[in-house]
Amino acid sequence: MDATISFLAAAIVAGTPLLFATLGEIITEKVGNLNLGVEGMMLMGAIIGFKTALVTHSPIIALLTSMLAGAAGALIYAVLTVSFRANQVVTGLTLTTFGTGFAGFLGQNLVGQVVPATVKSFFRPFAFPGLSKIPVLGEIFFQQDIFVYLSYLSVFIVGVYLYKTSFGLNVRAVGENPGAADVASINTTFYKYFHILLGGALCGLGGAYLSLVYIPVWQNNVTAGRGWIAVALVIFAIWNPYKAVIGSYLFGGLDIIGFRIQDTSFPVSMYFLDMLPYIVTVVILVVISFRKSKENAPPQGLGNPYFREER
Amino acid sequence: MSYIAMKGITKIFGDVVANDNINLQVEAGEIHALLGENGAGKSTLVNMLSGIYSPDSGSIFIRDQEVKLTSPRAALELGIGMIHQHFKLVEIMTAQENIMLGQKNGIFLNKKAHAAKIKALSERFQLGVDPDKKVYDMSVGEKQTLEILKVLYRGADILILDEPTAVLTPQETEKLFKIVKKMKEEGCAVIFITHKMNEVMAIADRITVLRKGKTIQTLDKTTTSPKELAELMVGHPLDLSIDRVQVPQGEVTLQVKNINAKNVEGIEVLRNISFHIRSGEILGIAGIAGSGQKELCEAIAGLFPLESGDILFNNESLVGKSPREIITCGITMSFVPEDRLGMGLVASMDIVDNMILKSYQNDKGLFIDRKKAAEKAKKIVKKLDISTPGIHHPIRQLSGGNIQKVLLGRELDSDPKLLITAYPVRGLDINVSYKIYDLINEEKEKGVAILFVGEDLDVLLELCDRIMVLCNGEVTGIIDAAKTTKDELGLMMAGEKKQYLEGTEIV
Amino acid sequence: MFRMQKRGEMPKTKIVAIRILAIILALVAAAFIILLLKLNPVDVYIAMVKGAFGSVYRVKEVIIKTIPLVVTSLGIAIAFKMQFWNIGGEGQICMGAFLASYVALNYPDLPKPLLISIMILASIIGGGLWATVPAYFKAKWRTNETIITLMMNYIALKWIQYLQYGPWKDPKAMGFPKIPHFTDNAILPDLFGVHIGWVFALVLTVLIYIFLNYTKKGFEIAVLGESENTAAYAGINIKRTIITAIFLSGGLCGLTGMIQASALHNTLSVEVSGGVGFTAIITTWLSALKPFVIVIVSLLFAALVQGGSFIQTAFGIPQAAAQLLQGMILFFVLGSEFFIRYKLVWNKSFQSISKKE
């Protein structure tokens, strides 16, 4: 029982960077932009957050700069795809190349360095007053670090924002049918920019969680493909921030289960478990496509640039 | 003082002058019709009024104030609401959500407050919109009503309707006219774009005629006649007579027996349709756009799956044959859609490659023979007087009319036994249209069986031997073109069933 | 205030000029980063060129890096021509390498020409079949291929990892996770000092050029890429065309896997794809899907990487700088496309929007 609880609590930790990045990509895709630069933006957030922590010893500033770094990456993407109408897939992939180069470039001399103690202690898990006393659930969800609590809050805010506010309604309209949004007096360009940047900032946070909390020693390519899992998770969650929570923790659990089963007689190789997120994504995409349901489909305008005077 | 004044408006797309120094004035409490052929620049003009495009030169005045309409939002703030030909609705949202889009009242969605206002408006104009219905569940008429409600909700007092009746049933059109008249009573200005004369005469107060991107004249309905309007529209006195070539009719070439078909949404689009065409005969198809014309053409060409029924070509069933096999039988289909390129042509390819589109599979071996095609391309360019910088120029850059000639030229050149052509003169000027009618008649004389889907009833009446009317996927009658009238066709298009022509049913 | 306007066709020379200008601008922007490192950008750039082309050995290295890019880009170009966004090159390379390695490891004693021929065939089948999976879904249910091909990269990668750390692990490597080396019979021979892959690349370039421009299948792919409706109308068998084209696309990527495994690594390893599948997407796009341009762009990219590793030793600039520079050049070129398709018009009469009174 204790082992299960500690495993689940650890799954949440492993799932948190995925959750931030997935939320970011959901917001981005909701305005109709497929940004395959998640991995790059996470790396940019990871390195900038780490470097800031080293220099300032301030966890708060580190978080802020990592968000800025992710948003800066997203800004390049937004300028190219929204204003310059470049191909989204190619631009996103390039952003990943760029972000990887960026982190490798800045991080070259930091490999092996450790997050300062002040920052480390700031991100130490603590029992959330009150809620941590709930049996089982409290131990799993509310004995975490502040960053994890921030992720809970983010899910809630993104969910309310998308489904309960008038801005959220507009966001969905921009992603579904920018032409309709445009004639409804929604500034589609602003909406796209704002949410692509917001998405980038969240990806940056996901990267910072990796470099500051999860693996608090700088190593090259700290994301190790998690950005791609996040892209997959968006589909797993069918573009729903609440479902992203389930997906992230599930895949977070899969991420760590490999280490845990090495010493048991579990018959499946960890490599096959590693494949699971990707296989599940493929299956979900196929199922969505043959069910042809209107409700659970990707945003209609996903991947297409919008230009009012097109004819 | 006039409500709207557009002065000297010019708009150029690439090399095409869509609007050339256009003037337009609309008063309050007026229904103003914009009349013109396809491509006359009507949509472009109103798109500048609704902030979708911005003019290259010229000025726009609303209530005598010069304005710059840089976005739909700016236009709407001035009370200009536009109902587009292609609806601007988010399919997965409800009617109410679509109405609430872009509205600025509060951070959180307050569905209740909106619902009350929506209900009040809907009742006042007798729109009957169900606020909780998802758009993808709505009929075309419902969607259009929702669009109107959307702009009314935003306080529009200038309503622009772009070809609103093209997709409506007669009942829906009636309802629309009532709403428009109601708006007029409330002191709104309504701009109504159309190319249908009867609608102009039914509803407009004043009419501005556009031709080839220019303002021709603004007239009062009471002092003009449909004939005068038609002449202004096309630019010269109309001799609308087309010769009906008399050809001895041969064997039954195509026989369609009780076919039924559903579209992807599961809606019946062809219901129990039966007819035949003989060689040397032109069968016209009349009907409101979207009554099943496209599906019928595609079904014969093997591109639209049938639920039941049979299609016989020279007594051989076409059902189950691939489009390729049907082409080889000698059946050619050219459907000119609204955007003109549609499915018949490849925009980025040159005339030569478009020539081989349907014939390359007859070449032997792995490779494509472009030599023959190049000669054919040259021949067609010459014969149909296609203006192009050369046969190796992407057809995307040709004008609409020339693109259409490429399509028809290719189809006619393939020596078909059955020629299916839908809207072949769509958007073409009169002279070219007549040239095309001549070409169709030439084919008829050769003994080709022709299925002609048209928009213009006058043309159908003069060109065709018999006319079949479709309404809502059903045949409402097949009649002798020489013995019917436009009124009769109109009733049938509206759904009134007539007796089938005697002898139509082949036993 | 600016307004965008769509242009007509632009003369080719001007298009090339705009692209070159974009690259120059990227280099200028990157120069600022180099300045931050307190180095002279001009020196660094000259060193990069020297690093790529300064000696026979370096030129050979560049060519070796060009080969996989060219072959993979050709494959991807076929898919892109059909508007099929195959971003699964990585996975297809892995699976091609996997099947080729299977042959190499199990039949090491076959005569060299035979063994290599079978390996080539196996790699094409491996990559081709791997790509056919998303193609089949696309043909059958119009499943969006972008994400599926992407996801399948990682499935393939994990599969190779499994083999390398599991059943195929070399028992003689004393626990080190590597797959045994191929026998000499399974290794591509050299020609003029570089492995024969360069001949493959050049021959394939010509073949794919002919295929795309002069064959029926190539024509069908182009039509289908433009519009599925038109393709159906012209009597093209859409499903078969999608599957054939994507099999070819994946097959070429698979062939890259065989070339890399055989000639470069002499075995199968998780590094076999080395990001080529992704870089090739970018080179293909920049080449506007034109086979001969692909060769040039791939060569430039390979030179950039080679030059990048040289400046690392020469100036102590992190190797990641090359990647950073690649990213920047691409950003500028992607941005420049806009100016080829649109022009900006200065709106003189623009004033503030009059509000409703």
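Atom set for the values below is all heavy atoms of this structure, side chains included, hydrogens, waters and symmetry mates excluded. Residue numbers begin at 1 in each chain, while the letters A, B, ... track the order of the sequences.
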Relative to chain A, which segment of [X] carries a heavy atom at a distance below 4.5 Å: side chain, backbone, both, or neither?
X: C:I87; answer: side chain
X: C:Q161; answer: both
X: C:L150; answer: side chain
X: C:Q164; answer: neither
X: C:I33; answer: side chain

C:S249 and C:N86: CA distance, side-chain angles, deciding distance, side chain to side chain donor-acceptor pair (under 3.5 Å) verdict: CA-CA 8 Å; C:S249 171; C:N86 178 12; 3.1 Å; yes
Under 3.5 Å: donor-acceptor pair, side chain of C:W285, backbone of C:F80: no
C:Y45 side-chain N/O to C:L27 backbone N/O, donor-acceptor pair under 3.5 Å: yes
Greatest number of heavy atom pairs closer than 4.5 Å to chain A - which of C:F137, C:Y154, C:Y165: C:Y154
Among the listed options C:N144, C:I148, C:T146, the residue most often paired with chain A at heavy-atom distances under 4.5 Å: C:I148
Which atoms of [X] come close to chain C, meaning under 4.5 Å heavy atom to heavy atom: side chain ones, backbone ones, both, or neither?
X: A:L276; result: neither
X: A:L80; result: side chain
X: A:I76; result: side chain
X: A:L106; result: neither

C:I246 and C:M82, any side-chain heavy atoms less than 4.5 Å apart: yes
For chain C, which residues of residues 87-99 of chain A have heavy atoms nearer than 4.5 angstrom: A:N87, A:V89, A:V90, A:T91, A:L93, A:T94, A:L95, A:T97, A:F98
CA sep, side-chain torsions, deciding dist, call: A:R85, C:F338, side-chain contact (heavy atoms from CB on, under 4.5 Å): CA-CA 7 Å; A:R85 307 166 47 67; C:F338 175 80; 4.2 Å; yes
Single hit among A:I235, A:N35, A:V234 for side chain to side chain contact (heavy atoms under 4.5 Å, CB included) with A:E29: A:V234
